[in-house]
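Only this structure's heavy atoms are used, side chains among them; waters, hydrogens and symmetry mates stay out. Chain naming here is simple, since letters A, B, ... match the order of the sequence lines and numbering starts at 1 in each.
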Amino acid sequence: MSSISLLLRRAFSTSAAPSAVANYNNIMRHEADLKKVVETFKKYTQDSNFRKRASFYEHTVRRLSNTKNFTLIEEILEDQKKYKDITDEGFTVRLITLYGKSGMFDHAHKLFDEMPELNCERTVLSFNALLGACVSSKNFDKVDGFLRELPVKLSIKPNVVSYNTVIKALCEMGSFDSAFSLLDKMEKEGLKPDLISFNILLNAFYKNSRFSDGERLWAMMEIHNVVPDIISYNSKVYGLILESRIQEAVDFVQEITSKGLKLDVYTYTILFRGFCSDGKYLGEAKRWFDEMMKTKCPPNHLTFAILLRYACKNNDFHFGSRLCRALFYRRCRLNEVGLLQKVVDGVVKQKNIREAEEVLVQGSVPNVKSLSVITGIKVQDRPFEDIQFKPKGSKNSSRTGFSQKNQRQTCLSGNQFVSSASCMQILLRSMFKLLADLSV
DNA sequence: ATAGGGTTAG
């Protein structure tokens, strides 16, 4: 009990004087009303320093895009046209990219077309931004036409980035051979395929069960003097796992290490996913997890989700609770709270009360019943009365790490408490949310 | 301006 309230107190206490930037972050994070978010954004962007901060644009637009508020996205991005920055190609390119990422391809295209009248020069940068917007908005089929028409029309010479983007689009459409043949086309245009060109192709081939096509690329890379990096190798590990060649994948990973390359979180996570197919790899999974810790390669929420499910499935709750501790330490959010509950239940069943306690205290699994069973705390009607929180309509469930099922009981009005169970849930959810926010 | 993870299970 005391540890939990300590955690809560820490989570709810306000931190020291925020700068303008932190201030903005605070306002935006806690503001549930998206109309107000938009107003605040527009107000802040009157400041020219603020307009240089690409990440604010990204955060705000991503949030509006996640909730499908496309009108509001249009409102803030179109509003930017009134600033002199719009004559700076870099600034406009960012807006085009944001439209693309929000899936608003027509807006991206329109802005590109408007650039001359906005007094903004168009070079290969904005051309590439337009191509990129096709890809991110999944208008893959448009890319090829743009590559054929626009360079002539606008006297822009495509560069490696342009071609890489087209290769990506063709791969996404499943036109692997056309994508591959663009390497030749590039060379004819006097451009050298680079690491990114090859990584796009490696990924596409191995991921789409074209293992032998993938294998052929390595020799080509050598010819082009392109040195593979960990992203290149990860594609192959993925390919091996996809073909259930687990041991070969392990051997290949060893080989990567012996080349002096550092494995990254992707490498491990791909391996773990391969191990999951069979309980016999549990020891191997632990060994690689230790390796991860030893080499200071921090696991992320996906790594934890995969390993936790694997541990639970094989009744290894000791490993499970160890994973939970690492998970809380890293302040990762799981999109499946049920997994934590499984660990607690498993540990309790095996009578490792102490471990269960730790998982609970650190992770606050929102199950009041197991909470009171394990800790012996009797849940009162009005716990934590000293803590105020805003329950109304905070809808960003994705940040809290709680499933939709757990969300539906949010029915408080004002600061009134309801039953102890849902109160506890809401309280814990708020705590999770705050912990998540603090870790950003 | 371009590159990379998942899907459980009742």
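Applying the 3.5 Å distance criterion, the base of B/dA1 shares a donor-acceptor pair with the side chain of A/N159. In this model, no side-chain donor or acceptor of A/D264 finds a partner on the base of B/dG5 within 3.5 Å.
Phosphate contact (OP1/OP2 of B/dG4, side-chain N/O of A/K168, threshold under 4.0 Å): present. Look at A/Y233 and you won't find any side-chain N or O under 4.0 angstrom from OP1 or OP2 of B/dG4. Close to B/dG5, at under 4.0 Å from its OP1 or OP2, lies a side-chain N or O of A/K207.
Here the nucleotide nearest the side chain of A/V265, chosen from B/dG5, B/dA1, B/dT8, is B/dG5. Here the side chain of A/N335 is nearest to one of B/dA1, B/dG6, B/dG5, namely B/dG6. Here the nucleotide nearest the side chain of A/I196, chosen from B/dA3, B/dG4, B/dG6, is B/dA3. The listed nucleotides are B/dA9, B/dG5, B/dG6; the one nearest the side chain of A/K313 is B/dA9. Distances from the side chain of A/I231 to the nucleotides B/dT2, B/dG4, B/dG6 place B/dG4 closest. Considering only side-chain atoms of A/N128, the nucleotide from B/dA3, B/dT2, B/dA1 that sits closest is B/dA1.
Counting to the nearest Å, the P atom of B/dT2 and the CG atom of A/L147 are 17 Å from each other. Rounded to whole angstrom, the span from the NE2 atom of A/H301 across to the C1' atom of B/dT7 amounts to 12 Å. Atom pair A/N300:CG and B/dG6:P shows a separation of 12 Å (rounding to whole Å applied). Rounded to a whole Å, the CG atom of A/L150 is 19 Å from the P atom of B/dA1. Across the protein-nucleic acid pair, A/F127 atom CZ and B/dA1 atom P stand 16 Å apart, rounded to whole Å. In this structure, A/R94 atom CZ and B/dT2 atom C1' are separated by 18 Å, rounded to whole Å. Between the C1' atom of B/dG4 and the CD atom of A/E172 lies a distance of 12 Å, rounded to the nearest Å. The distance between atom CZ of A/R122 and atom P of B/dA1, rounded to the nearest whole Å, is 18 Å.
Among A/N164, A/D144, A/L201, A/V166, the single residue meeting the side chain to side chain contact (heavy atoms under 4.5 Å, CB included) criterion with A/L182 is A/V166.
Atom CD1 of A/I241 and atom OH of A/Y238 lie 10.0 Å apart (nearest 0.5 Å).
Using a 4.0 Å heavy-atom distance criterion, A/F198 is classed as making no nucleic acid contact. Within the nucleic acid shown, A/I270 has no heavy atom closer than 4.0 Å to any nucleic acid atom. Looking at heavy-atom distances under 4.0 Å, A/R273 makes contact with sugar-phosphate atoms alone, never a base.
Aromatic ring centres of A/F146 and A/H109 lie closer together than 6.0 Å.
Counted by atom type alone, A/Q80 and A/Y57 present one or more donor-acceptor pairs between their side chains at under 3.5 Å.
Between the side-chain ring of A/Y266 and the base of B/dG4, a stacking contact exists by the 5.5 Å and 30° definition.
The pair A/K110-A/E114 counts as a salt bridge, with a side-chain nitrogen and a carboxylate oxygen less than 4.0 angstrom apart. A/D177 and A/R210 are joined by a salt bridge, as a carboxylate oxygen and a charged side-chain nitrogen come within less than 4.0 angstrom of each other.
With its glycosidic angle within 90° of 0, B/dG5 is assigned syn.
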